[in-house]
Protein chains: 2
Amino acid sequence: MVQYSQNHIDASFGALADATRRGVLEQLGRADASITDLAETFHMTLTGMKKHVVVLERAGLVSTEKVGRVRTCRLGRRGLEEEATWIEGYRQVWAERFDQLDTVVAELKQKENKHGR
Amino acid sequence: MVQYSQNHIDASFGALADATRRGVLEQLGRADASITDLAETFHMTLTGMKKHVVVLERAGLVSTEKVGRVRTCRLGRRGLEEEATWIEGYRQVWAERFDQLDTVVAELKQKENKHGR
DNA sequence: GCTATACTGAACCATCTAGTTCAGTATAGC
DNA sequence: GCTATACTGAACTAGATGGTTCAGTATAGC
């Protein structure tokens, strides 16, 4: 089986498990933003938003740079390759497991149709 | 923007954020298993494994059926479509954001060459 | 130098998580 | 009926999470 970096994957699936953090990623996809910008968008204190940014940074999904007073956040270097790979692998196995069930269901539907529903 | 079912996505990214639960999904991809089987594989008490199974069940990733004493677990009806879609959307935006940065593009190309793709 | 802005860190809180133990209940098989 | 197996539920633990407030520090701009 493929060996995944459990740390990366744990951290990023954990990061993605929160709607606010997914929202932050979507906002940063449109434009870089300061902590203040993000905190305002999500109606949260600066401190609260800072914590979310730290979580995203640890997962490698966001990178930040402080210039003067302002810390600017942008999408990080990781593009969720491993996560996409894991999910695709799962989906493939899942499809295989359900192929048999699918054919059975299809047969049942055909029978139903023959009986004119 | 596409509207996702936040509950589903929260639940399943949360479920996937744990290495044990990803392992359970991989094991169930190979064959159905009882709680006892899973608990043994992951060196955990029955009660502990039961909790993981409940989390996976709530996320729709596993379904279970009790026959006699034994509760059999199998992959559930959900195939992580929404999650795959979210991640793919993110990866697309991520790529666009980084296309503008010449240096990063150059780095990616170098990496691709190294991996021989 | 003064003031407003932008962040940071510590401390606190309630709730959730991942695990345990222990005491059950229900079923399988002799 | 008896015993072993398989699970279930309640209660407890330590630690993480998602948020807050409050008291700072550092910088921008007049």
Side-chain angles (χ1 to χ4, degrees), chain A residues 4 6-28 31-74 76 83, chain B residues 4 6-28 31-74 76 83:
Chain A
Y4 299 95
Q6 297 294 339
N7 287 347
H8 272 176
I9 275 204
D10 272 14
S12 49
F13 277 139
L16 296 177
D18 183 278
T20 300
R21 285 192 294 261
R22 288 196 304 279
V24 167
L25 289 179
E26 288 175 5
Q27 177 166 350
L28 294 182
D32 297 350
S34 67
I35 307 272
T36 300
D37 295 338
L38 296 170
E40 275 172 8
T41 305
F42 294 94
H43 312 99
M44 191 177 292
T45 58
L46 274 181
T47 313
M49 181 50 71
K50 177 78 189 315
K51 286 190 179 183
H52 281 305
V53 169
V54 167
V55 171
L56 289 165
E57 237 181 327
R58 286 221 194 100
L61 300 174
V62 160
S63 78
T64 72
E65 187 193 8
K66 192 163 185 178
V67 176
R69 288 178 300 186
V70 180
R71 178 173 297 279
T72 300
C73 310
R74 57 179 57 88
E83 295 71 18
Chain B
Y4 299 95
Q6 296 295 339
N7 286 347
H8 273 177
I9 275 203
D10 273 13
S12 48
F13 277 138
L16 296 178
D18 183 279
T20 300
R21 283 192 294 262
R22 288 195 305 278
V24 167
L25 290 179
E26 287 175 3
Q27 177 167 349
L28 294 181
D32 296 351
S34 67
I35 307 271
T36 300
D37 295 338
L38 296 170
E40 275 172 9
T41 305
F42 295 94
H43 311 99
M44 190 177 292
T45 58
L46 274 182
T47 314
M49 181 50 71
K50 177 79 190 315
K51 286 191 179 181
H52 281 306
V53 168
V54 167
V55 171
L56 289 165
E57 237 182 326
R58 284 220 196 102
L61 300 174
V62 160
S63 77
T64 72
E65 187 194 10
K66 192 164 185 177
V67 175
R69 288 179 298 185
V70 180
R71 178 173 298 278
T72 300
C73 310
R74 57 179 57 88
E83 295 71 19

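From a predicted model like this one, the values you see are computed outputs, not experimental measurements.
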Is it true that atom CZ of A:Arg58 has more than 12 heavy atoms of other residues, nucleotides or ligands lying nearer than 6.0 Å?
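Result for CZ/A:Arg58: open.
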
Any side-chain N or O of A:Arg69 less than 4.0 Å from the OP1 or OP2 oxygen of C:dA4?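 Indeed not, no polar side-chain atom of A:Arg69 lies that close.
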
- Query: Taking atom types as they are modelled, is there a donor-acceptor pair under 3.5 Å from the base of C:dG9 to the side chain of A:Thr47?
  - Reply: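 Donor-acceptor pair under 3.5 Å: yes.
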
Gap between atoms [atom1] and [atom2], on [X] and [N] respectively (whole Å):
{"X": "A:His43", "N": "D:dG19", "atom1": "NE2", "atom2": "P", "answer": "13 Å"}
{"X": "B:Glu65", "N": "D:dA6", "atom1": "CD", "atom2": "C1'", "answer": "16 Å"}
{"X": "A:Arg22", "N": "D:dG18", "atom1": "CZ", "atom2": "P", "answer": "12 Å"}
{"X": "A:Leu16", "N": "D:dG18", "atom1": "CG", "atom2": "P", "answer": "12 Å"}
{"X": "A:Ile35", "N": "C:dG9", "atom1": "CD1", "atom2": "P", "answer": "11 Å"}
{"X": "A:Phe42", "N": "D:dG19", "atom1": "CZ", "atom2": "C1'", "answer": "15 Å"}

Closest to the [X] side chain: [options]?
{"X": "B:Lys50", "options": "D:dT20, D:dG9, C:dG19", "answer": "D:dG9"}
{"X": "B:Thr45", "options": "D:dT8, C:dT21, C:dT8", "answer": "C:dT21"}
{"X": "A:Val70", "options": "D:dT20, C:dT8, C:dA6", "answer": "C:dA6"}

Less than 4.5 Å apart, any side-chain heavy atom of [X] and any of [Y]?
{"X": "B:Val53", "Y": "B:Arg71", "answer": "no"}
{"X": "B:Asp10", "Y": "A:Arg22", "answer": "yes"}
{"X": "B:Leu25", "Y": "B:Leu56", "answer": "yes"}
{"X": "A:His52", "Y": "A:Phe42", "answer": "no"}
{"X": "A:Leu38", "Y": "A:Met44", "answer": "no"}
{"X": "B:Arg21", "Y": "B:Leu16", "answer": "no"}
{"X": "B:Arg74", "Y": "B:Glu65", "answer": "yes"}

> Which part of the nucleic acid does A:Leu46 contact within heavy-atom distance under 4.0 Å: base, sugar-phosphate only, or nothing?
Replying inline: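 It contacts base atoms.
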
For this session: Describe the nucleic acid contact of B:Gly68 in one word from base, sugar-phosphate, nothing, applying a heavy-atom distance below 4.0 Å.
Result: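 Sugar-phosphate contact only - B:Gly68 comes under 4.0 Å of backbone atoms but never of a base.
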
*asked:* Can you tell me how far apart CD1 (A:Ile35) and CZ (A:Arg69) are? Round to the nearest 0.5 Å.
replied: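 Reported value, rounded in 0.5 Å steps: 14.5 Å.
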
Between atom SG of B:Cys73 and atom CG of B:Leu61, what is the distance when rounded to the nearest 0.5 Å?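 If we round to the nearest 0.5 Å, B:Cys73:SG and B:Leu61:CG are 12.5 Å apart.
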
Stem ranges for DNA chain D, with three or more consecutive Watson-Crick or G-U pairs under 3.5 Å?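 Paired runs of 3+ in DNA chain D: C:1-30 with D:1-30.
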
List in numerical order all residues of residues 51-63 of chain B for which some heavy atom is under 4.0 Å away from an atom belonging to DNA chain D.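 Going residue by residue through residues 51-63 of chain B, the ones with a heavy atom under 4.0 Å of DNA chain D turn out to be B:Lys51.
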
Which comes earlier along DNA chain D counting from the 5' end, the contact point of A:Met49 or that of B:Lys66, where each point is its nearest nucleotide?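 Its nucleotide being nearer the 5' end, the pick is B:Lys66.
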
Which sits closer to the 5' end of DNA chain D, A:Asp18 or B:Thr72, going by the nucleotide each is nearest to?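 Going by which nucleotide is closer to the 5' end, it is B:Thr72.
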
